[in-house]
Amino acid sequence: MEASLTPNNMSIFSLISDASLVVQLVMFLLLVLSLMSWWFIFSKWFGLNHARRKTDSFEASFWSGADLNSLYTQINRDGHGVGMEKVFEAGFAEFLKLRRQAGLDLSDLMDGTRRAMKAAFQREVDRLDAHANFLATVGSISPYIGLFGTVWGIMNAFLGLSNVGQATLSHVAPGIAEALVATAIGLFAAIPAVVAYNRFAHDVDKLANRFESFMEEFSNILQRQAAK
């Protein structure tokens with residue numbers, strides 16, 4: 001506990017600068033975790049919004065009665081398919097390939113098409129869900145990391161009382177305040193990560209449900225087309 005830090009001149013910056021080395025390292029780690037979390041939060045927010053817009057646009061084109069071959073050619077030519085577009089592209093490409101094979105049963109044709117769509121579906125969901133585990137981890141461990149810094153700081157504050165003849169609140173308050181900053185920073189890192197993780201998990205689930213519904217409907221359309 002620094003002698004220069006008194007209850008009259010305590011500020012957030014002085015509390016951090018005058019904290020012990022261990023507490024400062026804890027604060028620095030939490031700051032890094034917080035910055036990384038915000039980076040992933042913004043990148044996932046833009047990524048999910050992009051996937052949602054592309055899905056809306058594709059569904060509008062698909063259900064408007066557009067020719068499947070033309071739609072497939074356009075997506076394949078653009079090379080920037082996302083989400084439902086990738087599921088459609090993988091399924092229709094496999095359908096066209098298997099349909100050219102002579103003597104293939106309708107059930108085998110549709111099974112192969114569904115497998116291709118399911119594989120594309122899983123890849124897209126994994127891509128949309130990327131870095132979600134990091135946000136969940138930050139949200140769960142940051143308060144404990146901050147609590148470790150708080151416990152360490154409070155322990156040092158009370159150990160410092162051994163050098164003081166008469167212990168008063170003014171002697172221990174700065175050290176305890178330094179320690180509590182670590183808990184505050186831990187919560188600052190954890191709360192946005194938890195909120196973002198729950199929100200993104202909900203958004204990914206909604207998109208995944210839309211992809212699965214499309215796979216079933218598209219399979220029915222291809223099966224009717226193949227049976228003609």
Side-chain angles (χ1 to χ4, degrees), residues 12-13 16 25-64 66 71-72 74-93 116-150 180-218:
I12 186 65
F13 298 107
I16 294 174
L25 290 175
V26 167
M27 294 176 183
F28 177 76
L29 175 60
L30 289 171
L31 179 61
V32 171
L33 291 176
S34 180
L35 292 175
M36 293 178 66
S37 295
W38 281 107
W39 171 263
F40 289 134
I41 286 170
F42 282 112
S43 64
K44 283 189 67 65
W45 184 77
F46 285 112
L48 287 172
N49 279 345
H50 177 66
R52 192 181 301 110
R53 288 194 302 269
K54 295 283 283 185
T55 297
D56 292 341
S57 176
F58 172 78
E59 279 191 317
S61 299
F62 182 85
W63 295 114
S64 67
L71 192 58
Y72 170 74
Q74 177 184 346
I75 294 174
N76 195 39
R77 182 177 61 248
D78 292 343
H80 300 294
V82 174
M84 193 177 291
E85 292 178 331
K86 284 292 187 181
V87 175
F88 166 80
E89 184 181 14
F92 198 64
M117 285 194 291
K118 286 180 180 178
F121 163 82
Q122 192 59 56
R123 286 193 298 270
E124 289 303 298
V125 171
D126 289 343
R127 185 185 62 80
L128 293 173
D129 208 30
H131 307 304
N133 288 336
F134 176 81
L135 294 176
T137 301
V138 171
S140 60
I141 69 172
S142 292
Y144 295 104
I145 296 176
L147 183 60
F148 169 77
T150 296
L180 291 176
V181 172
T183 295
I185 296 177
L187 293 175
F188 177 79
I191 292 173
V194 171
V195 172
Y197 172 78
N198 291 331
R199 178 62 189 179
F200 294 151
H202 173 72
D203 291 344
V204 171
D205 285 343
K206 286 182 65 177
L207 284 171
N209 290 334
R210 292 176 66 179
F211 296 167
E212 288 181 327
S213 298
F214 171 77
M215 286 166 56
E216 293 299 322
E217 294 166 339
F218 187 42

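Throughout, numbering of the chain's residues begins at 1 and tracks the sequence.
Atoms OG and CG, on Ser34 and Leu187 in that order, are 11.5 Å from each other to the nearest 0.5 Å. With rounding to the nearest 0.5 Å, the separation of CD1 in Ile185 from CG in Leu180 is 11.5 Å. Separation of atoms CZ (Arg210) and CG (Asp205) is listed at 13.5 Å; rounding is to 0.5 Å. Atom CD1 of residue Ile145 and atom CD1 of residue Ile141 lie 4.0 Å apart, to the nearest 0.5 angstrom. The distance from the CD atom of Glu85 to the CG atom of Leu71 is 8.0 Å, given to the nearest 0.5 Å. With rounding to the nearest 0.5 angstrom, the OG atom of Ser213 is 8.0 Å from the CE atom of Met84.
Judged purely by atom type and a 3.5 angstrom limit, Lys54 has no side-chain atom pairing as donor or acceptor with the backbone of Gly81. The backbone N or O of Asn133 sits less than 3.5 Å from a side-chain atom of Thr137, completing a donor-acceptor pair.
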Side chain to side chain contact (heavy atoms under 4.5 Å, CB included) evaluation trace for Phe211 with Leu128:
CA-CA 12 Å; Phe211 296 167; Leu128 293 173; 4.0 Å; yes

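In this structure, Tyr197 places its OH atom where only 12 or fewer heavy-atom neighbours from other residues, nucleotides or ligands lie under 6.0 Å away.
Taking both residues in full, the closest heavy atoms of Met117 and Val87 are given as CG-O, 3.5 Å, listed atom of the first, atom of the second, then distance. Heavy-atom minimum distance, Trp45 versus Phe200: N-CZ, 3.8 Å. Nearest heavy atoms, Lys86 versus Ala120: O-CB, 3.8 Å. The heavy-atom pair separating Ala190 from Gly139 by the smallest distance is CB-O, 3.6 Å. Here the closest non-hydrogen pair linking Leu30 and Gly146 is CD1-CA, 3.8 Å. Closest heavy-atom contact between Ile75 and Glu89: CG2-OE1, 3.9 Å.
Thr55 meets the side chain to side chain donor-acceptor pair (under 3.5 Å) test with no other residue; sequence neighbours excluded. Annotation: side chain to side chain donor-acceptor pair (under 3.5 Å) contacts of Gln74 (sequence neighbours excluded): none.
A perpendicular orientation is assigned to the rings of Phe218 and Phe62, their planes being inclined by more than 60° (bins at 30° and 60°). Under the 30°/60° scheme for interplanar angles, the aromatic rings of Phe40 and His131 are found to lie parallel.
Of the charged side-chain nitrogens involved, at least one lies within less than 4.0 Å of a carboxylate oxygen, so that Asp203 and Arg199 count as a salt-bridged pair.
Two residues are said to be in side-chain contact when any heavy atoms from C-beta on lie closer than 4.5 Å; Ser37 and Leu135 meet this criterion. The shortest side-chain heavy-atom distance between Val82 and Phe58 does not fall under the 4.5 Å cut-off.
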